[in-house]
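To keep things clear, I will list the structure first and then write my remarks on it.
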There are 2 protein chains.
Amino acid sequence: MSKSDSTRAQRIKTKSLERREQKKLKLREEILSAATELFLEHGYEKFSLRQVAEEIGYSPTSIYLHFKNKEELLFMTTLEGFRNFGQMLQTAYEATNEPFERIISIGRAYVKFALEYPVHYRLMFMQDSDFIYKQLPDCDGSIIDSFAILQKAISEALEAKVIHGQDELLLPTLIWAYVHGIASLAISLPEISKEHAYDMLELNKVILISGLKTS
Amino acid sequence: MSKSDSTRAQRIKTKSLERREQKKLKLREEILSAATELFLEHGYEKFSLRQVAEEIGYSPTSIYLHFKNKEELLFMTTLEGFRNFGQMLQTAYEATNEPFERIISIGRAYVKFALEYPVHYRLMFMQDSDFIYKQLPDCDGSIIDSFAILQKAISEALEAKVIHGQDELLLPTLIWAYVHGIASLAISLPEISKEHAYDMLELNKVILISGLKTS
DNA sequence: TATTATACTTAACACTGTTATTTTTGTCAA
DNA sequence: TTGACAAAAATAACAGTGTTAAGTATAATA
């Protein structure tokens, strides 16, 4: 057999493999999108693999060819939420140059995300931590960066002496706790409306101005 | 038959009924304590009625003679936690007469409870709200009072003009969000230690002094 | 066309909460 | 003490769950 034959055969083989892999990837995406839909609709508690399988028209065991188990599927489902989250915070960071206003901007974006994607937020920061931390090693670093943005903004505000404080880690974590508290309380308790949450955020800003700002 | 006979028969009947009811109540308590133990040990996710049944040596269906369903049993299990919680806040309230210090004291007690009883706290304020709110009508008012204590302390601080602010509801809810944020973040994320949480609480106090206090 | 790897399904296991039905137990009056 | 009756408890069953091992089609390769 000639050299060109050999390469053609090789090309066909490669293309074939590629086609099959894309088909597999397509099914994976189908599972993922069905899972996301069902998860957002029915929530964490009622989310089931068998229901996802029924939705896409495959047997439940087929899902295991694409995901290790239910936990991983659910995690991959929220990964999109994580990316959205990071992007929203980044945009909020870039929205202004004034260091203090930046922190406020990030906080607002944080709460906005939580209230717009409560099901995702719940899974990300309110559910059992194991859930996230067990899978973190296997995925890109699009998660930890979220906190890093806030931390950076606060560091810069400290350096610019716009706010006062000493600890590099304690203050970011505390401010994180502030917005997380507002967000998660609003998600958990029905009597706290979105407006109420945003009002709290506004009052929080006033307090932080007196409590943190130098000027 | 004489009158005394009649009353004796009645007395026996009453006593008998009483005895049976106490026996029933005792089993109920047995279920409750086994449930609490298993719940605290294995957490919400792994808690199962059948395991409780096995623990007490009865068939699973027997539990339904004492509790409407799993949800109610779990709720009754946390009721004790709620009572502890309310009492801790009340004690914290009474610990000092200085209005601002009172708020700080309550906040500290709040976080302390959350860190000491994380499983209870999770069920109380981090789990699906429906869980609590569906059962609230059927039980005594030992729950709502928890927030009332904080609200009262803040109202008094406002009246005494020790702190400034206007809204009667917004500020208490925000301060609740502060402590809840610190507590729930510490519970959810393994990298936040108890000491870290208490340090945050301390820094929070410093900020609140500048941000809220008048003097 | 036969072989072999891949995709997929079936069947099964060990669980779950919950309900209807049946059995056991204990109490009461005759 | 026996028979009727009510309460307590157990069995069996239903409809689900996640997950694994084993089997069957399907499609690619030699």
Side-chain angles (χ1 to χ4, degrees), chain A residues 1 5-31 35 38-39 42-77 128 131 134, chain B residues 1 5-6 8-31 34-35 38-39 42-77 128 131 134:
Chain A
M1 49 176 97
D5 269 353
S6 165
T7 47
R8 163 172 290 167
Q10 229 167 17
R11 280 203 301 270
I12 290 176
K13 195 177 171 183
T14 310
K15 260 288 177 85
S16 168
L17 211 104
E18 204 178 286
R19 203 186 59 228
R20 260 182 300 157
E21 269 177 6
Q22 276 205 355
K23 199 180 167 188
K24 188 167 182 175
L25 220 93
K26 201 185 151 202
L27 179 52
R28 195 193 130 100
E29 286 304 315
E30 215 175 317
I31 295 172
L38 287 172
F39 170 59
H42 298 116
Y44 177 81
E45 307 273 321
K46 305 231 161 188
F47 175 79
S48 95
L49 281 187
R50 292 180 123 102
Q51 208 171 338
V52 174
E54 196 183 337
E55 186 70 27
I56 58 169
Y58 281 81
S59 77
T61 45
S62 289
I63 296 175
Y64 287 87
L65 299 170
H66 302 268
F67 301 93
K68 216 183 77 195
N69 51 25
K70 186 190 180 184
E71 225 180 14
E72 189 181 282
L73 173 56
L74 216 44
F75 177 74
M76 291 305 171
T77 287
D128 198 4
F131 179 76
K134 266 198 286 186
Chain B
M1 50 176 93
D5 270 353
S6 165
R8 164 173 288 167
Q10 228 167 18
R11 279 201 303 270
I12 291 175
K13 198 177 172 183
T14 309
K15 259 288 176 85
S16 169
L17 211 104
E18 204 177 288
R19 202 184 62 228
R20 261 181 299 157
E21 268 175 7
Q22 277 206 352
K23 199 180 168 188
K24 188 168 183 177
L25 221 93
K26 200 187 155 200
L27 178 51
R28 196 193 131 99
E29 286 304 316
E30 215 176 318
I31 295 171
L38 287 172
F39 170 59
H42 297 115
Y44 177 81
E45 308 274 320
K46 306 230 162 190
F47 175 80
S48 95
L49 281 187
R50 291 179 123 101
Q51 208 171 337
V52 174
E54 196 182 338
E55 186 70 27
I56 59 169
Y58 281 81
S59 77
T61 45
S62 289
I63 296 176
Y64 287 86
L65 299 171
H66 301 269
F67 301 92
K68 214 182 81 195
N69 50 24
K70 186 190 180 185
E71 225 180 13
E72 189 181 283
L73 173 57
L74 216 44
F75 177 73
M76 292 304 171
T77 286
D128 198 5
F131 179 76
K134 268 199 285 187

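Residue numbers start from 1 in every chain, and the chains themselves are labelled A, B, ... in the order their sequence lines are given, proteins ahead of strands.
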Whole Å only: how far is the OH atom of B:Tyr58 from the P atom of C:dT18? 21 Å
Side-chain donor/acceptor pairs under 3.5 Å, residues 18-26 of chain A, sequence neighbours excluded:
none

Expressed in angstrom and rounded to an integer, what is the separation of B:Ile63 atom CD1 from C:dT19 atom P? 13 Å
Residues forming a side-chain contact (heavy atoms from CB on, under 4.5 Å) with B:Gln51, sequence neighbours excluded: B:Leu38, B:His42, B:Ser48
Quick one: B:His66 NE2 to C:dG17 P, roughly how many Å, whole number? 17 Å
Those residues that, when tested against B:Tyr58, pass side-chain contact (heavy atoms from CB on, under 4.5 Å) (two or more places apart): B:Leu27, B:Ile56, B:Ser62
Starting from C1' on C:dC15, measure out to CD on B:Glu54 and report it in whole angstrom. 12 Å
Which one, D:dA10, C:dC8, D:dT20, comes nearest to the side chain of B:Thr61? D:dA10
Quick one: B:Phe67 CZ to C:dG17 P, roughly how many Å, whole number? 15 Å
Looking at side-chain heavy atoms only, is the closest gap between A:Phe67 and A:Leu49 below 4.5 Å? no
If only side-chain N and O atoms of A:Lys24 are considered, is one of them under 4.0 Å from the OP1 or OP2 phosphate oxygen of C:dA7? yes
In whole angstrom, give the distance that lies between atom CD of A:Glu21 and atom C1' of D:dA27. 16 Å
Sequence neighbours excluded, the answer for side-chain contact (heavy atoms from CB on, under 4.5 Å) partners of A:Glu54 is none
Show each protein N/O and nucleotides 15-18 of chain D N/O combination with a separation under 3.5 Å, one pair to a line.
{"residue": "D:dT17", "atom": "OP1", "partner": "A:Ser48", "partner atom": "OG", "Å": "2.8"}
{"residue": "D:dG18", "atom": "OP1", "partner": "A:Leu49", "partner atom": "N", "Å": "2.7"}
{"residue": "D:dG18", "atom": "OP2", "partner": "A:Leu49", "partner atom": "N", "Å": "3.2"}
{"residue": "D:dG18", "atom": "OP2", "partner": "A:Arg50", "partner atom": "N", "Å": "3.4"}
{"residue": "D:dG18", "atom": "N7", "partner": "A:Arg50", "partner atom": "NH1", "Å": "2.4"}
{"residue": "D:dG18", "atom": "O6", "partner": "A:Arg50", "partner atom": "NH1", "Å": "3.2"}

Can you see if the side chain of B:Ser59 gets near the phosphate of D:dA10 - specifically, an N or O under 4.0 Å from OP1 or OP2? yes
On a heavy-atom basis, the closest approach of A:Tyr64 and A:Asn69 is CE2-CA, 4.0 Å
Ignoring backbone atoms, establish whether A:Ser62 has a side-chain N or O less than 4.0 Å from OP1 or OP2 of C:dT9. yes
When rounded to the nearest 0.5 angstrom, what is the spacing between CD in A:Glu29 and CD1 in A:Ile31? 9.5 Å
What is the separation between atom NZ on B:Lys68 and atom C1' on C:dG17, rounded to the nearest whole Å? 14 Å
Worked verdict on B:Leu74 versus B:Tyr44 for side chain to side chain contact (heavy atoms under 4.5 Å, CB included): CA-CA 9 Å; B:Leu74 216 44; B:Tyr44 177 81; 3.5 Å; yes
When the rotation axes relating C1' atoms of four end pairs to the next four are compared across the helix from C:dT1-D:dA30 to C:dA30-D:dT1, five pairs an end, they differ to 10° by 30°
Just so I know, are the side chains of B:Arg28 and B:Met76 near enough to count as touching, which here means a heavy-atom distance under 4.5 Å? yes
Check the distance between C:dT18's P and B:Leu65's CG and give it to me in whole angstrom. 14 Å
Please classify the nucleic acid contact of A:Leu27 as base, sugar-phosphate, or nothing, using heavy-atom distances under 4.0 Å. sugar-phosphate
